[in-house]
2 protein chains.
Amino acid sequence: MSKSELTLTPVETVACCSPLVREPLSADRAERVAPLLKALADPVRLRLVSIVAASEGGEACVCDLNDAFDLSQPTISHHLKVLHEAGLLDRTKRGVWVYYAVRREVLGDLAALIGGGA
Amino acid sequence: MSKSELTLTPVETVACCSPLVREPLSADRAERVAPLLKALADPVRLRLVSIVAASEGGEACVCDLNDAFDLSQPTISHHLKVLHEAGLLDRTKRGVWVYYAVRREVLGDLAALIGGGA
DNA sequence: TCAAGACATCGACATCCATCGATATCAAGA
DNA sequence: TCTTGATATCGATGGATGTCGATGTCTTGA
């Protein structure tokens with residue numbers, strides 16, 4: 001680590017150090033990892049991530065995502081914002097449309113942290 | 001699958017089928033997976049799981065867990081209940097003490113679901 | 001310049017959740 | 001049986017969160 005652990009973002013935190021089951025998580029690290037899991041811990045957001053990840057090109061337009069749910073457009077927008085701010089989704093604007101893409105390394109790091117004992 | 005997907009528990013659901021990034025999660029599956037992530041998505045519960053998993057013998061007594069936090073005993077008891085009911089922790093009573101152990105297969109299955117694309 | 005459409009933000013509301021103190025339960029010893 | 005200590009349950013409370021309708025911001029094309 002080049003940066004002090006105290007300056008790490010949640011996304012950086014999840015990639016560092018050993019998995020959950022190897023040694024006790026520090027309070028600091030737990031505080032930074034939890035928001036990522038919290039972002040994922042919603043049925044709608046889980047499906048959003050899954051739909052985006054499974055789309056061709058690895059990205060999806062908000063317009064398509066809206067159609068996949070029986071929820072209002074602001075609600076989907078809110079969930080996308082949560083996922084983006086957590087660092088799980090990248091955001092790109094092309095013309096009038098906005099595309100979201102999954103940051104797979106983050107998902108991979110999260111998985112390694114959780115299931116690292118395997 | 002021998003059981004219909006509609007009868008699966010959250011813990012069973014997380015073990016079945018393909019990872020998040022392979023194909024879109026169904027609404028039903030998302031509804032059953034989310035509670036598991038929600039159980040993990042708390043700094044205190046993350047540390048509880050980590051402490052238990054990293055303990056020798058793979059289990060820890062509640063009395064030790066209480067000491068590891070600056071929180072009231074009922075609060076720790078509440079968090080352990082959440083983790084137990086989610087299916088992440090096993091519970092055993094021996095004498096006056098209660099021991100919790102991590103169900104590693106569940107953590108492993110969760111990790112596979114999230115990071116399955118790797 | 002204007003109108004239309006895509007997406008985000010805002011404010012409100014209902015529900016959920018982490019935490020606590022008080023109390024209950026239950027096992028072991030005296 | 002009584003007491004003590006370990007853990008769980010209960011009820012209350014403040015704060016977070018999912019959802020919505022209304023509205024704002026941009027971009028495009030007419």
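Owing to the predicted nature of the structure, the values given are computational and were not obtained by experimental measurement. In what follows, chains carry the letters A, B, and so on, assigned in the order in which the sequence lines appear, proteins first and then strands, with residues in each chain numbered from 1. For the numbers below, each heavy atom of this structure counts, side chains included, while hydrogens, waters and symmetry mates do not.
- Remark: the backbone N or O of B:Leu46 is not paired with any side-chain donor or acceptor of B:Ser50 at under 3.5 angstrom.
- Here the NE2 atom belonging to B:His78 is positioned 9.5 Å from the CG atom belonging to B:Leu83, to the nearest 0.5 angstrom.
- Positionally, the nearest nucleotide of DNA chain D for A:Ser72 lies more toward the 5' end than for the other of A:Ser72 and A:Gly95.
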request  = Under 3.5 Å for both distances, Watson-Crick or G-U wobble, that's the pair rule; now give the dot-bracket for DNA chain D, with | marking pairs to another strand and [ ] for crossing ones.
outcome  = ||||||||||||||||||||||||||||||

Pair B:Glu59-B:Arg94, salt bridge (charged side-chain N to carboxylate O under 4.0 Å, His left out): steps then yes or no = CA-CA 12 Å; B:Glu59 61 175 15; B:Arg94 283 203 294 275; 2.5 Å; yes

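- Neither OP1 nor OP2 of D:dT27 sits under 4.0 Å from any side-chain N or O of A:Arg94.
- Going from atom CD of B:Glu85 over to atom P of C:dC17 covers 12 Å, rounded to whole Å.
- Side-chain N or O atoms of A:Arg45 include one that pairs as donor or acceptor with a backbone N or O of A:Ala39 at under 3.5 Å.
- The distance between atom CZ of A:Arg47 and atom P of D:dG18, rounded to the nearest whole Å, is 16 Å.
- In this structure, the CZ atom of A:Arg45 is 8 Å from the P atom of D:dT19, given to the nearest Å.
- A distance of 15.5 Å separates CG in B:Asp90 from OH in B:Tyr99, rounded to the nearest 0.5 Å.
- For A:His79, a side-chain nitrogen or oxygen approaches OP1 or OP2 of D:dT19 to under 4.0 Å.
- Proximity of a side-chain donor or acceptor of B:Arg104 to a complementary backbone N or O of B:Ala53 within less than 3.5 Å is detected.
- For the side-chain contact (heavy atoms from CB on, under 4.5 Å) test, residues two or more places apart in sequence or in another chain that qualify with B:Ser55 are B:Ile51, B:Ala60.
- Taking every heavy atom of both residues into account, B:Arg103 and B:Val11 meet most closely at NH2-CG1, 4.1 Å.
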message = One character per nucleotide, please: for nucleotides 5-16 of chain D, 5' to 3', B when the base has a protein heavy atom closer than 4.0 Å, S when only the sugar-phosphate does, - otherwise.
response = -SBBB-------

